[in-house]
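Chain A is the first sequence line, chain B the second, and so forth, proteins listed ahead of strands; every chain is numbered from 1. Below, all heavy atoms of this structure are taken into account, side chains as well, without hydrogens, waters or symmetry copies.
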Amino acid sequence: MISGEWKALPSWLSNEGPETDVVVSTRVRLARNLAQRSFPARCSSPERTQVFEDITNSLKSSSRFRGYEYLNFSSLPELHQRALVERRAGSAELLKAQGDRGVVTGDRFRVCIMINEEDHIRIQCFLSGCLPEAAWGTVSEIDDDIGSSLEIAYDSRRGFLTSCATNSGTGLRISFLLHLPALILTRSIDQVLQAVTQMGVSVRGFFGEHSDVIGAFFQLSNHAAMGAEEEQFVADTHGTVQEVMRLEREARESIVNDAREELEDKVYRACGALRYARLLELNECISLLSALRLGLHCGIVQRPAPGRLNELLLDCLPAHMQMELGRGMDDDEINRHRAERARSFMEEWNI
Amino acid sequence: MKLCDHCGVNEANIHLTQIVKGKTSSMHLCNECAGKKGISITLGSGQELTSVQGVGAGKDPDGKQGREERKRQDRACSRCGLLLSEFRTRGWLGCPGCYDAFRGEIDELLVRVHGSTVHKGKHARTQGVPGHGESDRLRAELEQAVRDEDFEQAAVIRDILRGSRSVKGEAR
């Protein structure tokens with residue numbers, strides 16, 4: 001079972017980091033595998049169990065991971081697994097995988113190490129705002145820690161060997177969760193994202209790989225992971241993200257100056273729907289919260305605190321809603337409870 | 001949306017033009033049917049066709065002859081047994097040994113995705129000081145890199161052998 005910590009807002013959603021007006025969070029992950037084992041998809045069930053034990057024992061022997069939670073998905077209720085995926089501690093692939101697999105997490109989900117997902121080890125660090133160097137520093141230290149007690153699959157020419165060859169080399173992915181509503185409103189998003197792609201940065205939706213764009217949230221990450229040092233990939237992707245941030249801020253400024261009435265209309269309509277709707281579907285809810293978030297950062301509304309908005313967004317995700325009520329629900333019931341949750345939030349903040 | 005010529009159910013996202021005995025024919029397939037017919041696709045962005053295991057071109061690839069020909073052409077990783085055809089169809093590797101077993105195919109993919117086949121980032125801690133076996137392997141790789149005139153890679157391997165290229169985490 002997940003302990004009490006699961007209810008706390010993940011630190012990367014706290015909105016306490018730098019540049020959170022545009023960058024919600026930064027994530028860095030490293031993919032690693034044990035040298036003497038087959039990759040997870042080709043492991044037998046006993047071998048997967050052995051891998052899980054070897055890795056968790058290695059982590060437990062390090063003081064760095066004292067107080068961390070060791071969550072084996074094979075013994076967690078499905079709802080708990082899905083809630084962890086909604087918090088980005090796990091992934092859709094981890095849900096689908098078989099046997100002993102899971103996540104070791106601590107520090108309010110700042111560090112989440114997935115075991116037996118696509119690779120044996122996925123070291124991840126999530127930070128609020130735009131903090132690429134700090135996130136990279138954390139995963140690199142953890143990588144050194146793990147590498148000192150486990151033999152990692154590595155080849156001097158190809159670097160770290162991974163289940164999917166496209167991740168080999170550094171095994172690094174740095175991604176930024178960005179909120180770009182003004183670029184959408186000014187209809188310049190396609191052009192910006194096209195330019196970003198040409199600069200070697202991949203664009204994904206709100207929930208990561210294969211997901212749709214919802215509420216103007218985009219994930220931008222490095223495409224290549226081989227042929228340069230990790231710091232270079234981090235700096236290059238960061239550079240592109242900084243340029244996108246600048247463009248988004250410019251677009252916000254021009255909307256405030258040239259189309260304030262339309263912006264106010266959009267934000268207050270969102271406030272109205274969040275306060276009075278009786279049924280709220282997930283995508284609609286995220287879009288409304290996105291408009292409210294834009295209103296906050298453009299000075300249209302002064303409440304709530306942005307971190308609390310993130311909290312509401314997390315609470316409105318389906319597994320979280322069901323965890324809160326302690327039971328499974330159908331879509332209609334979820335939509336009804338989501339509207340109730342939004343309504344009480346808006347009343348609490350008197351918006 | 002064009003449907004798959006083979007199953008007629010899924011969307012065709014692989015468009016193949018074959019030239020057999022001077023005659024051109026087109027085929028539109030979904031991923032699944034393409035896999036069944038032994039047609040390999042690249043694993044990069046998009047679904048670009050690079051090669052056809054086409055020894056059976058013009059014959060029925062699902063027939064006995066086609067299957068046997070594919071089996072003959074297939075290779076397996078000596079460590080985990082993964083077949084090259086499985087790697088091409090599913091896109092994942094079975095074990096670290098697959099990187100040697102399917103070296104050419106993987107290099108082709110890496111160049112397309114990363115624009116490079118040479119790792120320049122941090123080293124595994126356990127590889128910081130190469131052991132005897134590792135040294136021999138590295139020397140062989142160094143010779144190969146020099147033969148290939150890949151001097152950038154040769155310099156990296158030379159440094160590892162000299163021990164001057166330390167593990168980054170230790171240097172900090």
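The shortest heavy-atom contact between A:Arg158 and B:Ile106 is NE-CG2, 4.2 Å. Across all their heavy atoms, B:Tyr99 and A:Ser168 have their closest contact at OH-CB, 3.5 Å. The nearest pair of heavy atoms linking B:Gly91 to A:Cys164 is O-SG, 4.1 Å. Scanning both residues, B:Lys120 and A:Glu229, for their nearest heavy atoms gives O-CG, 3.2 Å. Across A:Ala224 and B:Val113, no two heavy atoms sit closer than the pair CB-O, 4.3 Å. Considering every non-hydrogen atom in both A:Met226 and B:Ser116, the closest pair reads SD-O, 3.6 Å.
Here CZ of A:Arg42 is found 5.0 Å from CD of B:Glu86. Values are rounded to the nearest 0.5 Å. Between B:His123 atom NE2 and A:Ile152 atom CD1 the span is 15.5 Å, to the nearest 0.5 Å.
Remark: of the listed residues A:Thr170, A:Asp143, A:Leu172, A:Asp143 is the sole one forming a side-chain contact (heavy atoms from CB on, under 4.5 Å) with B:Lys122.
When each of B:Gly81, B:Gly115, B:Cys80, B:Cys98 is scored by its heavy-atom pairs under 4.5 Å with chain A, the top score falls to B:Cys80. Comparing A:Cys43, A:Gly159, A:Ser163, A:Ala35 by heavy-atom pairs within less than 4.5 Å of chain B, the highest count is held by A:Ser163. Each of A:Ile146, A:Leu161, A:Thr162 has some count of heavy-atom pairs under 4.5 Å with chain B, and the biggest count is that of A:Leu161.
No donor-acceptor pair closer than 3.5 Å links the side chain of B:His119 to the backbone N or O of A:Ser156.
Residue A:Ser202 does not touch chain B at all, counting heavy-atom pairs closer than 4.5 Å. For A:Arg32, the part lying under 4.5 angstrom from a heavy atom of chain B is the side chain only. At a 4.5 Å heavy-atom cutoff, the contact between A:Ala225 and chain B is made by backbone and side-chain atoms alike. For A:Ala228, the part lying near chain B is the backbone, with the side chain staying farther off; criterion is any non-hydrogen pair under 4.5 Å.
The environment of CD in A:Gln98 is sparse: at most 12 heavy-atom neighbours from other residues, nucleotides or ligands sit within 6.0 Å.
Counting heavy atoms from C-beta on, the side chains of A:Phe39 and B:Pro96 come closer than 4.5 Å.
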